[in-house]
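Okay, so here's the structure we're looking at.
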Amino acid sequence: MRNNLYILKVAIPVPVYRLFDYLPPLDLDPKTLKPGIRLTVPFGKGQKTAFLIGIDSNSEILSAKLKRIEAVLDERPLLSDRDLSLLHWAARYYHHPLGEVFSAAFPVALRQGKPATIKAEKFYVLTEKGRLLNPEQLRRAPKQQQLLYQLQTQRDAVPASHLNAIIENWRPAAKALQDKQLLRLEGVAVNATTHLILNPQLHPNSLQQEAIEQVVSALSRFEVFLLEGVTGSGKTEVYMQVIRSVLERGLQVLVLLPEITLTPQLEQRFRLRFAVPITISHSKLTDIQRQQAWLGMQRGDYAIMLGTRSALFTPLARPGLIILDEEHDASFKQQEGFRFSARDVAVVRGKLLNVPVLLGTATPSLESVYNVEQGRYRLLHLTERAGNAAPPKMLLLDIRNKRMQEGLSEPLIAEMHKTLAKNEQVLLFLNRRGFAPTLICHGCGWVARCRRCEANMVVHYDEALLRCHHCGSEQRLLPQCPECETGQLTPLGLGTERVEKALAQLFPGRSVIRLDRDTTQRKGVLEDALERINRGDVDIILGTQMLAKGHHFPNVTLVVMLDVDSGLFSIDFHASEKLAQMIVQVSGRAGRAEKPGRVILQTRKPEHPLLTILIKDGYGRFARSALAERRLAELPPYSFQALLRVEATDSAVPLQFFEQLMQAVEPNRTVRMLGPVPAPMSRRAGRYRYQLLLQSATRPELHRFLDKLMPLIAGLKLTRKVRWSLDVDPVDLY
DNA sequence: AGCACGCCGACT
DNA sequence: GTCGGCGTGCTC
């Protein structure tokens, strides 16, 4: 130990809960090194990209062991002090190593130590000649005509990324226009503030107006708004008009969406509305594209970013607003590694940045409803559907003792015929892909099981194989039973593939399209399908939960949920909330136009309170009654949970691990320990899984307990032999 | 997480 | 006699 030294405290992306000490580089004044900058450090055998956390005058480490920083990668930190404290908070809250939390905040390219430089984007601008040319004169070159027309609507130079988003394969046309001296390249960014609005805003109804005004009046401070509005109530228009006010103040907007498939639609709408630089960030982009988007926001080149969960930490040069759309969606919770909730972290980030956070959804999470009740969030309720569209009518169809054909009851089939006869579309929802979830031998009762999981193999007839939906392992579909070798193998239960085949029989001459993970694997398939549906080339749409998100089907007037019951009896207390959200979200796909929509739910439990409350009184009442149940059962949000998951290939090891841990743990009256118990799926991909649920009446008590628990876990020998994870505020208890 | 060190079994 | 199995410990 020595004093009067500069010791750099550094976070490294390794699963270790402490910082590492290094000596500063010789050629730089250590005082100029600011927390948050990236460094290259020697670590073990190799080197790693690390993050400077602070500078201290002493070290616990013997000075002989201290190594020197290899390189300083950033002159100044890429994250603001507030964002740095957000990362510190998140590491503490989720009990995750700081280096890995930092790593998650940066795009891959910067994590790898690439320089934080921006490629100048190419901008296109019309020449004098180009601006004056009548697009009609290019009638024989439609692409060029379209490009010219688009550029004429813009007053400034337009970046290539904008053209990428609005015109397919525009580059040859741009080349042609350049050759004709109608267009030239420019290296300068547009001036984002000269004009903002390209296309006129819609006229908001009074509720939208009220919502817009409330958020706009809070634009210079932190407040959380829950914008609750059914499909078609015009949430997006509220977003856009609020965004306009943010842009007018010269500030930036971060918009988070649950899924990649939803970004192109919204991006299009934003680009048609706003004449400002917009960028996107999601996992389908290349590392370089994401780095450019991230740095572009950091420098303030872009005014709006649309992105998925991982975009949450994108630095903002001029933070103005955070929007999180479909806030109830479970994909905002990261399910591995650093298991953060983008919704909850967004709220904390808004608080630190002193900007409002706007959460939008038709089906608020119970946590958000609770936060409204507690006065923490302000509710903005859009109850009217814009354009006077009638809300869909929901109907429970009791299928007990009804004749069924492959999951379709006779009354349902009759309703479908009626709808189709009117030249309207039917949407069938079944959240199970494959042909059948079980294959059983009619002779001896043998069932096809996964060798590596505690689960049955799912029959996929199209590909003639059995597949495990939990680990992905596959087997050829056998002609006869491997056990008795005589029995006939019978598929049991219902999947989308089976229903698709039944529909072909029941509705000959009608075109059926199936949309699930199996049919939409290839790129562009989903987009093509959606286009065919909206053109009216499809009569019956059948699919899994990918149908529940975002897409509008204006000509669908009948929505059917084939099997509602499988969601009614789950051991996970979140299941009823998720089912209710699913029902409402799927219902929202119908009746968008003037034609009223209907929703039929097939059930054998028509008296189940979840269904009756939801259908009779709507989602709001359901949410309140579900919250009342949570309160009685002392479940979140009335208590606080963390889930410790442990898995190992050796079946005895997880329990031994827990045994040792429980011996080391000091008993604590304020934190209940439920378990350890086998996980609901007790074996997965060859690993035996156990879990311990921790629950407390207050968050500080839970966190104090976890603070003590983590070093105990790190200290156990058996920790090396297991895979373990801690999930704070788990949403999926599997 | 990687990676090296180290102490016991089946091979040229 | 060695190659390599993975149990254990460390990384500043």
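Rounded to whole Å, the distance from CD1 on Ile61(A) to P on dC12(C) is 9 Å. As rounded to whole Å, 14 Å separates atom C1' of dC12(C) from atom CD1 of Ile53(A). The distance from atom NZ of Lys48(A) to atom C1' of dG2(B) is 7 Å, rounded to the nearest whole Å. Separating the CD atom of Glu336(A) from the C1' atom of dA1(B) is a distance of 15 Å, rounded to the nearest angstrom. dC12(C) atom P lies 7 Å from atom CD1 of Ile12(A), rounded to whole Å.
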Pick out the pairs of N or O atoms, protein on one side and nucleotides 6-11 of chain C on the other, that lie under 3.5 Å.
from, atom 1, to, atom 2, distance (Å)
dG9(C), O6, Arg720(A), NH2, 2.9
dC10(C), N4, Arg720(A), NH1, 2.9
dT11(C), OP1, Lys65(A), NZ, 2.6
dT11(C), O3', Gly44(A), N, 3.3

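To the nearest 0.5 Å, atoms CZ (Arg111(A)) and NZ (Lys48(A)) are separated by 13.0 Å.
The pair Asp732(A)-Lys333(A) does not meet the salt-bridge criterion, since no charged nitrogen lies less than 4.0 angstrom from a carboxylate oxygen. In summary, Asp729(A) and Arg343(A) do not engage in a salt bridge, as defined by a charged side-chain N under 4.0 Å from a carboxylate O.
Within the 6.0 Å centre-distance limit, the rings of Phe51(A) and Phe106(A) are counted as a close aromatic pair.
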Which is it for Ser570(A) and Asp572(A) under the side-chain hydrogen bond (donor to acceptor under 3.5 Å, both in side chains) test, yes or no, and what are the steps along the way?
CA-CA 5 Å; Ser570(A) 170; Asp572(A) 187 340; 5.7 Å; no
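With 3.5 Å as the limit, one finds no donor-acceptor pair spanning the side chains of Ser365(A) and Glu577(A).
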